[in-house]
Undergrad: 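Dumping the structure here so I can ask a few things about it.
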4 protein chains.
Amino acid sequence: MQFEFPYASLPAVMRGPREERRRVIVGGSAYWGTLIEDGEKAGLLRLDDGRTVDPTALVHLPPVSPSKIIAVHISYSSRSYETRNKPRPTETPTYFTKPPTSLNGHNGQILKPADCRYLNYESEYAVVIGKTCRNVLPDEAWDCIAGFCPALDMGLQDFRDTDQGSMLRVKGADTLLPIGPGIVRGINLFEQTLRAYRNGLVVQEAHIGQETIWGPHYVIADLARHITLVAGDVILMGTPCHSRSVEPGDVVECEITGVGRLSATVKEIAAPRAAALGVGHMPTDSAEVRRVAFGFDERVPAYLKDNYRAAANAKPDSNEADS
Amino acid sequence: MQFEFPYASLPAVMRGPREERRRVIVGGSAYWGTLIEDGEKAGLLRLDDGRTVDPTALVHLPPVSPSKIIAVHISYSSRSYETRNKPRPTETPTYFTKPPTSLNGHNGQILKPADCRYLNYESEYAVVIGKTCRNVLPDEAWDCIAGFCPALDMGLQDFRDTDQGSMLRVKGADTLLPIGPGIVRGINLFEQTLRAYRNGLVVQEAHIGQETIWGPHYVIADLARHITLVAGDVILMGTPCHSRSVEPGDVVECEITGVGRLSATVKEIAAPRAAALGVGHMPTDSAEVRRVAFGFDERVPAYLKDNYRAAANAKPDSNEADS
Amino acid sequence: MQFEFPYASLPAVMRGPREERRRVIVGGSAYWGTLIEDGEKAGLLRLDDGRTVDPTALVHLPPVSPSKIIAVHISYSSRSYETRNKPRPTETPTYFTKPPTSLNGHNGQILKPADCRYLNYESEYAVVIGKTCRNVLPDEAWDCIAGFCPALDMGLQDFRDTDQGSMLRVKGADTLLPIGPGIVRGINLFEQTLRAYRNGLVVQEAHIGQETIWGPHYVIADLARHITLVAGDVILMGTPCHSRSVEPGDVVECEITGVGRLSATVKEIAAPRAAALGVGHMPTDSAEVRRVAFGFDERVPAYLKDNYRAAANAKPDSNEADS
Amino acid sequence: MQFEFPYASLPAVMRGPREERRRVIVGGSAYWGTLIEDGEKAGLLRLDDGRTVDPTALVHLPPVSPSKIIAVHISYSSRSYETRNKPRPTETPTYFTKPPTSLNGHNGQILKPADCRYLNYESEYAVVIGKTCRNVLPDEAWDCIAGFCPALDMGLQDFRDTDQGSMLRVKGADTLLPIGPGIVRGINLFEQTLRAYRNGLVVQEAHIGQETIWGPHYVIADLARHITLVAGDVILMGTPCHSRSVEPGDVVECEITGVGRLSATVKEIAAPRAAALGVGHMPTDSAEVRRVAFGFDERVPAYLKDNYRAAANAKPDSNEADS
């Protein structure tokens, strides 16, 4: 494991008991609730008002309301190996941001504009900051974490050629950050496995403890050298190998064992009105765009590629006519 | 003028009468007020509670509270010419972001960590969004603007070698976005001149109408193709040529005729604690860093360079011992 | 009309064209959209991303996000007459507040705890503040209004005996402020009729222009004497006569002609856990509680009372088994 | 002690070590910092960026940013005895609210409009909520508390005759809630003494443990029966006996041993513009107003009354000419 573990004692946010908080729509209204962990009602959601509901089909609102969202470019060894052919991409982690308007809840839609071709999934876990944090050391950083969420850091790679690396338009469009179903604490994240699914088939898979290059404590200490993190801020911790493009109707999921399984459906919308006037950088299909959209298949496990191809024909019927 | 002007009629936000709103500290408490435009009290601030104060030496809080801050890389022809040797840098504008924690008020401090050398000024105007805005055309975009502010998009160029173009650490550190003194409407921005001052000497200067490559209406329509802008969001509109580094004790100002003059003082702080542990990308002094920090003097008017050098010795005395 | 009307010219917020903005859940995700006013698609909602949806059965989120919510006790002559037997209740308006956590969207649930009996409707219009506002005169106050929404100021009258008049628990519980469907401008509010419906039958009805004792301009100028109103703040403008109690399963609606029709369903939940420990003021059934819950039938038009009684047996079947 | 104490073990928020966080203006910019507890720098503030400053004369911003502020009417036995002549005012606590715009920082101004006479102090401690909280029991409520702050719940008693008990205008005007200097945890609140000072002389004094009728755990459990409390929300816990009026130039302080000493200066401003038009309830000087403004001297310890009178002539000179 490429990580300064095990700890003498787990940080509080990773010690049990497990707690998961969700914000859902029931009967048209929004409520907070806590997942029931044990007993015959395990898996049901106890709303704070006392009612118990089955959350399976509910609309979920994002369980976070961050003032800023910062994402690590690469922090999994398999992605570094796929894209850079080496075990770590750079000496130290690098970052970009996503705007709060990109937030989306579990069971929602990921919008794919009609003039874009390459909408890539990236299955990740998000770290939610619990208190104001600046100028801390890695060992101190754990205390600043409120919990963890599954997240999909979706990207419209058609805009890879613009923004000079900031990826504002690649990663910043509305709906490109499904997060949830809930925010979880009490789980040892480094013993978990992270997966992405396309139409039910596994297309990304990584043991977090084995693949992590820089943990959240390192990333927080790095960022907080000069940037104050405040309660509610979200850090996206990167994705393992095999980020690939998905199509309208596809169901994309991020699963983190012990934390949760986040689902979203790709939905096509029209190109924006300003596109007809030629305003702004048009989506492109350059070599660089395709390099990122297609990745490097030669350095990806065969079963992920096989599943990805099989999944293209496994689109749920109901999504075809989805309005 | 490289701009689709004149308008048959000016957008409302640029038509008179002028109005400037500021948020200041008086006697230890924060108040909103309106600048008095005419008469013998012109230039004083009328607090909303009726009192009149001289705002000259007051602490000013940022007059905005954005959920996101988006910045144009280059939208002035002189900067495009300086850095790219051509009148427009790219076919279409490109963008990056700054986090809300970088916000700072008029008359504040810009922090320069002791392990960084190249803290560059960029004098800009900020556009403040007035209502939710998505999928609009350039002509419609003017209605989404609440007002304009002077702004300093400061950058720690020592981090130019990291973050793969997102510039999170170059542009995102705490205090790196002084903005104000107020938010202004009722001014035809395209008839104004934008300047930066170092210790009172002009070091950037551009006629906004003559230099603008893409106006705020174009930028809003471009961004809002895929990203919802919400009331309070801030767009930084880029800087003209001659962004250069400043030193602790320097007073840096952004002046926009008709809009206001924003001031800040560079203040040195210690390197962050995590630096001693080698956490994160260390500030570097590479060719690329120096290229951006130093710019291209051969394509900059002589008087700006002369002033910049003269200003190095014109630091206000009081700032030497500033605590 | 008991109102300083007509105006030489209508305030901008009441002049056409009509515009209605809503925030809805489509396919599990939240979107802003604008109601289509004319043509064959009139009544459909154009999402900002270009899609057109039928909003009828959609989950609606509250179209506002206020930092404070202030409510007028009485500003309709029929309510003053019902409860005080005189045309105006007091020389000047009086106010209370509701917390932001009481907000609820169109088509949602109003929660009635099992230990409470008297959940009263009050059909109102809400004024949404558009910009910072302090120390203004009534004529100036119109410019501070962003729009209007239908609203239901629900109250658990069982708590009438506590809180010494603040009504925090009467009016402040979660879900007790349905608001929407959208936020509307471009309608002359004083030509509209406000109604409440119980299970489809009219139980409150007032012509706003004829009944208004104090208009929003007066109320804003009154409040802003000492309290700064900020963009997004909500003012609830009071209700006409015949506020009465509703039961689980009842559908309660607020309709304002030209503005919209807001719907919510009463849903019973268990008494709070702390009730079993005797924590806090228990719901009571005192004379004062009943005085407010039942009102004064002798001063209410017969058709409203008839409808109210008929509505008790007109509960939609589907609500019986509502989970 | 009228309280379910001692605990087998103190709640975490009351166990050491002590931590105090403040937000201050240094050199015109806002920073978070932590008070230094021990050693030769004890009492200085370590800014998060590493600098150490003496906070004594600094502008302090409020250390909280609540979405709602709820206040207990009476929860100290001495106040119950003063105003009701019995040890507890009611069987259960009652509440009112203050808007977020009433917030004010340490070392600030409390505004007294020229048409008001009776601006009363109430020295209190504030409870800051640390996480979403609904339907909890008193024992569980402690975990929802992030910390405590000194607070001054100022009131313009001239408006006592309006608002039918909600006290919106008595307690809700801008600047009427000084809070700070910081937010503190790690102190056993029930072993502390709460005081108010007028111009340096003690005018309220109570041992919190001995006087508390309902502790914060009870109040949270009570409120959270029906109202969701969210992170950042503030609960004001009431004041002991001898709330009295203060005058322009007076320095009013709230001290809580172990927690901090909050200071503010009363500043007169003009009556609001709308007052000249007769808009809204005018400040009155009725028997009820005077009853609350003057209190019941016969049930107040002599030294507090003596100090109050002596303090009237102890106004700091510098405040006379305060602008």
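For clarity, every value in this text was computed on a predicted model and none was experimentally measured. Throughout, protein chains are lettered first and strands after them, A, B, ... in sequence-line order, and every chain is numbered starting at 1.
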Undergrad: Out of curiosity, B:Leu111 CG to D:Ser29 OG, how far, rounded to the nearest 0.5 Å?
TA: 7.0 Å
Undergrad: Could you look at D:Asn104 and say if it's the side chain, the backbone, both or neither that has a heavy atom under 4.5 Å from chain B?
TA: side chain
Undergrad: With rounding to the nearest 0.5 angstrom, report the CD1 to CD1 distance, D:Ile25 to B:Ile25.
TA: 5.0 Å
Undergrad: Using every non-hydrogen atom in the two residues, find where D:Gln109 and B:Val26 come nearest and quote the distance to one decimal.
TA: OE1-O, 3.2 Å
Undergrad: Determine which pairs satisfy side-chain hydrogen bond (donor to acceptor under 3.5 Å, both in side chains) with at least one residue from residues 268-281 of chain B, sequence neighbours left out, and list them in order.
TA: A:Glu140-B:Arg273
Undergrad: Below 4.5 Å, heavy-atom pairs only: which of B:Gly28, B:Pro178, B:Gly50, B:Pro113 has the largest tally toward chain D?
TA: B:Gly28
Undergrad: Any side-chain heavy atom of D:Tyr31 sitting closer than 4.5 Å to one from B:Thr175?
TA: yes
Undergrad: Hey, what do you get for CG (D:Asp48) to CG (B:Asp174), rounding to the nearest 0.5 Å?
TA: 8.5 Å
Undergrad: I'd like to check the salt bridge (charged side-chain N to carboxylate O under 4.0 Å, His left out) partners of D:Glu37; sequence neighbours left out, ordered by chain and number.
TA: D:Arg18
Undergrad: CZ of B:Arg46: more than 12 outside heavy atoms within 6.0 angstrom?
TA: no
Undergrad: Can you say whether D:Leu47 sits under 4.5 Å from chain B via the side chain, the backbone, both, or neither, judging by heavy atoms?
TA: neither
Undergrad: What part of B:Leu103 is in contact with chain D, defined as an atom under 4.5 angstrom from a non-hydrogen atom: side chain, backbone, both or neither?
TA: neither
